[in-house]
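Data first, discussion second: the structure below is written as structure tokens.
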2 protein chains.
Amino acid sequence: MTRDASGSGLDRSPDTLDRAFMALADPVRRAIVARLSRGDATVNELAEPFAITKQAVSKHIQVLEQAGLVTRSRDAQRRPVHLDAAALERLTAWIDQYRLIAESRFRRLDQLLANDTSPQEQAKKEELK
Amino acid sequence: MTRDASGSGLDRSPDTLDRAFMALADPVRRAIVARLSRGDATVNELAEPFAITKQAVSKHIQVLEQAGLVTRSRDAQRRPVHLDAAALERLTAWIDQYRLIAESRFRRLDQLLANDTSPQEQAKKEELK
DNA sequence: CGCTTGATCAATCAAATGGTTGATTAAGAG
DNA sequence: CTCTTAATCAACCATTTGATTGATCAAGCG
């Protein structure tokens, strides 16, 4: 996957949506997001509830960071991880974009069925396929 | 991977969320979702815009189906694929759940900052989990 | 300075994934 | 029945990923 497939050379690197959805596809990373929603935390704090090493958690955070979902700052030798709520909102925006289209289409179809419209009008409206 | 092993009982089995986010992590599958938002379609119709075989598209649809994002029915020898808007809504619901928590926390923090709080203390206030 | 803590880097390994080609099933059409 | 179309199944290959262990780096602390 991730191959160009179009010859235009535009899709060279996986975009932010790829990384963001991929990041949330893992239960450990989702748990990290859940934890971070309540406040910033360090790698060690995040690693504690799980039966995986800190190195693994560090990698997970790298994934979340490259997906733009979290940011990291410096506080002495600690590197607190911060959840970016705006990035989450961009995800829901993408999903809703198509969800709303599908729902409005469903509502229109529902109306047609309720109104018992003439076959010709139905055929017209059905060109949205 | 995908192992809970934490005993906290948060995420146990290969969840629907896993599959759903994983499904949307692929640009081809997102394009399929975008196309399906405008109406049901067959494998061949979906495969046409892409430089991949119909078998590959069939696999993508299987992934989307196991993620609960689409359903398939029978129409003679055709098997139209249908987008499940409710499944998309469940995804946004999960994201928003934590996005809203993070945002409300940010607003509280914002209020604290407005009350003349130095950046160092900001990190300490972060302990309001 | 050496020592401890927090975090990352590096090499490695098993398992999963995306895609392909080729064969096969399901349902109609001639 | 034979042929065509739609779609899936099956075997296979290349790449990627998650996780581990061991070493390394960075920043205080005694």
Side-chain angles (χ1 to χ4, degrees), chain A residues 1-7 11-15 18-33 36 40-67 70-82, chain B residues 1-6 11 13-15 18-32 36 40-67 70-82 120 123 126:
Chain A
M1 99 172 132
T2 308
R3 45 190 250 86
D4 192 332
S6 72
D11 212 10
R12 195 127 303 269
S13 61
D15 68 15
D18 285 53
R19 301 181 201 268
F21 281 123
M22 176 67 81
L24 295 182
D26 187 278
V28 172
R29 287 192 288 263
R30 282 203 304 279
I32 289 176
V33 167
L36 290 176
D40 298 0
T42 65
V43 169
N44 281 324
E45 290 168 349
L46 291 170
E48 203 174 313
F50 302 106
I52 57 178
T53 63
K54 308 173 199 298
Q55 288 93 330
V57 172
S58 187
K59 276 192 179 180
H60 279 305
I61 293 176
Q62 281 182 30
V63 172
L64 289 167
E65 189 179 26
Q66 287 193 331
V70 305
T71 58
R72 277 186 290 189
S73 52
R74 271 247 118 143
D75 173 29
Q77 68 267 61
R78 288 180 180 75
R79 305 205 56 188
V81 186
H82 172 79
Chain B
M1 79 206 73
T2 309
R3 196 172 315 287
D4 175 29
S6 70
D11 268 328
S13 55
D15 203 294
D18 286 51
R19 302 182 200 269
F21 281 123
M22 175 69 80
L24 294 183
D26 187 277
V28 172
R29 287 193 288 263
R30 282 203 305 278
I32 289 176
L36 290 176
D40 299 0
T42 65
V43 169
N44 282 322
E45 291 167 349
L46 290 170
E48 206 173 308
F50 303 105
I52 57 178
T53 62
K54 309 173 199 300
Q55 288 93 331
V57 172
S58 186
K59 276 192 180 180
H60 280 305
I61 293 176
Q62 281 183 31
V63 172
L64 288 166
E65 189 179 26
Q66 287 193 330
V70 305
T71 57
R72 277 186 290 189
S73 52
R74 272 247 132 184
D75 172 28
Q77 68 268 62
R78 289 179 181 74
R79 306 205 56 186
V81 186
H82 173 79
Q120 277 90 3
E126 151 258 314

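To find a chain, count down the sequence lines: A is the first, B the second, and so on, and within it residues start at 1. Just the heavy atoms: all of them, side chains too, but no hydrogens, waters or symmetry mates, feed the values below.
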Practice item. Go through the structure and list residues passing side-chain contact (heavy atoms from CB on, under 4.5 Å) with A67(B), not counting sequence neighbours. Key: R19(B), A20(B), A23(B), L69(B)
Practice item. Could you check how far CG of L24(B) sits from C1' of dT17(C), rounded to whole Å? Key: 16 Å
Study note, to complete from the structure: Tightest non-hydrogen contact, residues A25(A) and M22(B), listed as CB-N, 3.4 Å
**Study point:** d(CZ, R19(A); P, dT17(D)) in whole Å
**Key:** 10 Å
Check your understanding: Roughly, in whole Å, what's the span from CG in D18(B) to P in dA16(C)?
Key -> 14 Å
Practice item. Quick one: list whatever passes side-chain contact (heavy atoms from CB on, under 4.5 Å) with T53(B), sequence neighbours left out. Key: Q55(B), A56(B)
Just the table, please: protein N/O against nucleotides 9-11 of chain D N/O, every pair under 3.5 Å.
unit_1	atom_1	unit_2	atom_2	d
dC9(D)	OP2	Q62(B)	NE2	3.1

Study note, to complete from the structure: By nearest-nucleotide position on DNA chain D, the 5'-leaning member of T53(A) and A76(A) is T53(A)
Exercise for review: Using the test side chain to side chain donor-acceptor pair (under 3.5 Å), find all partners of R29(B) that sit at least two apart in sequence or belong to another chain.
Suggested key: H60(B)
Point to revise | For E65(B), side chain to side chain donor-acceptor pair (under 3.5 Å) partners two or more places apart | key: R72(B)
Exercise for review: Decide if atom CD of E48(B) counts as having more than 12 heavy atoms of other residues, nucleotides or ligands within a radius under 6.0 Å.
Suggested key: no
Check your understanding: So, is H60(B) close to the dT17(C) phosphate, meaning a side-chain N or O under 4.0 Å from OP1 or OP2?
Key -> no
Review point. Once you round it to whole Å, what is the distance between P of dT17(C) and CD1 of I52(B)?
Key: 17 Å
Point to revise | R29(A) CZ to dG18(D) C1', straight-line distance once rounded to whole Å | key: 9 Å
Practice item. Calculate the interatomic distance between L46(B) atom CG and dA6(D) atom C1'; express it in whole Å. Key: 13 Å
Point to revise | Donor-acceptor contact below 3.5 Å, side chain D15(B) vs main chain D18(B) | key: no
Just the atom pairs and distances: protein N or O near nucleotides 1-7 of chain C's N or O, under 3.5 Å.
unit_1	atom_1	unit_2	atom_2	d
dG6(C)	O5'	N44(A)	ND2	3.3
dA7(C)	OP1	R79(A)	N	3.2
dA7(C)	OP2	V43(A)	N	3.4
dA7(C)	OP2	N44(A)	N	3.1
dA7(C)	OP2	N44(A)	ND2	3.2

Exercise for review: Starting at atom CG of D26(B), determine the distance to atom P of dT17(D), rounded to an integer number of angstrom.
Suggested key: 12 Å
Exercise for review: Using side-chain contact (heavy atoms from CB on, under 4.5 Å) as the criterion, list what pairs up with T42(B), not counting sequence neighbours.
Suggested key: N44(B), E45(B), R78(B)
Check your understanding: Looking at V33(A), V63(A), I32(A), V81(A), which one forms a side-chain contact (heavy atoms from CB on, under 4.5 Å) with V70(A)?
Key -> V81(A)
